Chemist: 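My questions all concern the structure below.
Model, not experiment: these values are computed from the prediction. Just so we're on the same page: letters track the sequence lines, and every chain starts at 1. Only heavy atoms go into these numbers, but all of them, side chains included; no hydrogens, no water, no symmetry mates.
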Amino acid sequence: MALLTVDGPLDLAATLESGQAFRWRRVEPSPDGSPWFEGVAFGNLIHARQTRDGVEFTTSPDPESDVAPLLRDYLRLDEDLTAIYQALEFDEHVRQGIALYPGLRILRQDPWECLASFICSANNNVRRIARNVDDMSAAFGSPVTGGADERRSFPTPTQLADAGEASLRALGLGFRAKYIAATAERIAGANTDLFALRLAPYQEALDALTELPGVGDKIANCAMLFSLDKPEAFPVDVWIDRALRDWHFTEQQKPIQRNRMRPWAQARFGRYAGYANQYLFHSRRLGRR
DNA sequence: AGCCAGGCCCTCC
DNA sequence: GGAGGGCCTGGC
């Protein structure tokens with residue numbers, strides 16, 4: 001057992017269950033009520049829960065001391081959330097979202113797993129996306145601990161390119177199978193270096209991602225926000241569409257079009273537009289208001 | 001039964 | 001350049 005200390009607010013459950021990542025599961029309630037989560041990342045099976053002191057976790061097969069800095073980075077525990085809140089609370093609805101879910105953080109995921117997961121999100125629902133991602137991992141990923149029925153890591157681009165469209169379709173990915181296979185080939189062939197996009201400017205990363213099959217503006221912005229260090233990214237999906245329409249454009253006689261929302265929001269919220277997006281999305285999707 | 005899911009792509013105008 | 005329709009699949 002190891003511990004990550006946290007400065008500032010953290011809501012681990014909201015962070016892991018807000019539709020950014022799809023491989024975390026609640027496993028068992030702990031005596032004090034804060035749930036354990038099980039996930040696969042960095043080639044490890046990870047169990048984690050939030051306590052008064054921070055994030056408790058165990059790892060397998062690597063020692064916790066090796067994984068600790070990776071998990072800290074993944075959870076962005078060093079992000080100054082308070083400063084971000086101050087920059088965004090001018091907006092009434094973002095402020096309400098922050099008040100409802102203080103400590104909801106934006107993850108820093110593996111770019112390939114994140115991109116591929118969101119390719120699965122097209123015209124899909126969260127539960128089936130999670131199942132698609134798990135099914136791909138079980139079928140084509142590598143074992144992490146050596147046990148018989150353990151979970152596997154998310155497949156590499158090469159593993160999915162080798163799998164091919166037909167076997168992905170057989171898993172139940174539907175029309176997304178073609179996009180996953182084709183994009184995996186492109187990445188495996190090193191035509192696009194996803195990690196390099198962490199250092200690229202926003203527009204350059206957006207242009208590179210939307211060249212990939214099955215990756216449009218929305219999915220590219222998800223990958224940029226959740227894995228490529230682009231906090232100004234602003235994915236516009238049906239939930240954000242409804243939120244902005246109801247909360248920010250109620251008095252317009254002509255409703256704003258979906259494809260004009262991202263530039264509008266980025267101009268309004270600035271370099272942390274993605275955090276505004278996440279709080280609007282989460283509070284809207286949970287249906288509390 | 002029909003609609004909707006964290007869209008993208010293609011066609012046609 | 002933009003509106004409209006099709007698309008795998010599963011749950012309600």
Chemist: Could you tell me the separation between the CZ atom of A/R284 and the P atom of B/dG6, rounded to a whole number of Å?
Modeler: 14 Å

Chemist: Nearest whole angstrom, please: distance from the P of C/dA3 to the CZ of A/R258.
Modeler: 13 Å

Chemist: For the P atoms, the ones on C/dC8 and on B/dC10, what distance do you get once it is rounded to whole angstrom?
Modeler: 13 Å

Chemist: For A/S18, which contact category applies under a 4.0 Å heavy-atom criterion: base, sugar-phosphate, or nothing?
Modeler: base

Chemist: If you draw a 6.0 Å radius around CZ in A/R271, do more than 12 non-hydrogen atoms from other residues or ligands fall strictly inside?
Modeler: no

Chemist: A/E211 has an atom CD; how far is it from atom P of B/dC8, in whole Å?
Modeler: 14 Å

Chemist: Using a cut-off of 6.0 Å, state whether more than 12 heavy atoms not belonging to A/D7 lie near its atom CG.
Modeler: no

Chemist: Is the backbone N or O of A/P213 less than 3.5 Å from a side-chain atom of A/K178, with the two atoms forming a donor-acceptor pair by type?
Modeler: no

Chemist: Whole Å only: how far is the CZ atom of A/F175 from the C1' atom of C/dG6?
Modeler: 9 Å

Chemist: Quick check on the 6.0 Å ring-centre criterion: do A/W239 and A/H282 meet it?
Modeler: no

Chemist: What is the nucleic acid contact for A/R131, judged by heavy atoms within less than 4.0 Å: base, sugar-phosphate only, or nothing?
Modeler: sugar-phosphate

Chemist: Suppose you measure atom P in C/dC12 against the same atom in B/dG6; what distance do you get, rounded to whole Å?
Modeler: 13 Å

Chemist: Using whole Å, what does the distance between atom P of nucleotide B/dC9 and atom CG of A/L209 come to?
Modeler: 12 Å

Chemist: For the pair A/R284 (side chain) and A/I240 (backbone), establish whether a donor and an acceptor sit closer than 3.5 Å, ignoring hydrogens and angles.
Modeler: no

Chemist: Mapping A/N123 and A/G214 to their closest nucleotides on DNA chain B, which lands nearer the 5' end?
Modeler: A/N123

Chemist: Nearest whole Å is fine: how far is C/dC7 P from A/I180 CD1?
Modeler: 20 Å

Chemist: Return yes if the base of B/dG6 and the side-chain atoms of A/K218 contain a donor-acceptor N/O pair under 3.5 Å, otherwise no.
Modeler: yes

Chemist: Return the nearest nucleotide to the side chain of A/N259; candidates are B/dG6, C/dG2, C/dG11.
Modeler: C/dG2

Chemist: Heavy atoms only, 4.0 Å cut-off, all strands: where does A/V215 land among base, sugar-phosphate and nothing?
Modeler: sugar-phosphate

Chemist: Just to confirm, is there a sub-4.0 Å distance from OP1 or OP2 of B/dG6 to any side-chain nitrogen or oxygen of A/Q20?
Modeler: no

Chemist: So does A/L107 get a backbone contact from the side chain of A/Q20, meaning a donor-acceptor N/O pair under 3.5 Å?
Modeler: yes

Chemist: Report yes or no: is there a donor-acceptor pair, N or O only, under 3.5 Å between the side chain of A/R176 and the base of B/dC8?
Modeler: no

Chemist: Defining pairs by Watson-Crick or G-U wobble geometry with both distances under 3.5 Å, how would you list the stems of DNA chain C with at least three pairs each?
Modeler: B:2-5 with C:9-12, B:7-13 with C:1-7

Chemist: Could you tell me the separation between the CD1 atom of A/I119 and the C1' atom of C/dC7, rounded to a whole number of Å?
Modeler: 16 Å

Chemist: Considering only B/dG6, C/dC8, C/dG10, which nucleotide approaches the side chain of A/F226 most closely?
Modeler: B/dG6

Chemist: Across the strands shown, which category fits A/L168 at heavy-atom distances under 4.0 angstrom: base, sugar-phosphate, nothing?
Modeler: nothing

Chemist: At 4.0 Å (heavy atoms only), tell me whether A/V126 reaches a base, stays on the sugar-phosphate, or touches nothing.
Modeler: base

Chemist: Using the C1' atoms only, state how far B/dA5 lies from C/dG6, rounded to an integer number of Å.
Modeler: 16 Å

Chemist: Which residue in the set A/R26, A/R23, A/R285, A/R25 passes salt bridge (charged side-chain N to carboxylate O under 4.0 Å, His left out) when paired with A/E17?
Modeler: A/R26

Chemist: Looking at A/Y279 versus A/Y272, is the centre-to-centre ring distance below 6.0 Å?
Modeler: no

Chemist: Between atom CG in A/D237 and atom P in B/dG7, what is the gap in whole Å?
Modeler: 6 Å

Chemist: Looking at the side chain of A/R128, which of B/dG7, C/dC12, C/dT9 is the nearest nucleotide?
Modeler: C/dT9

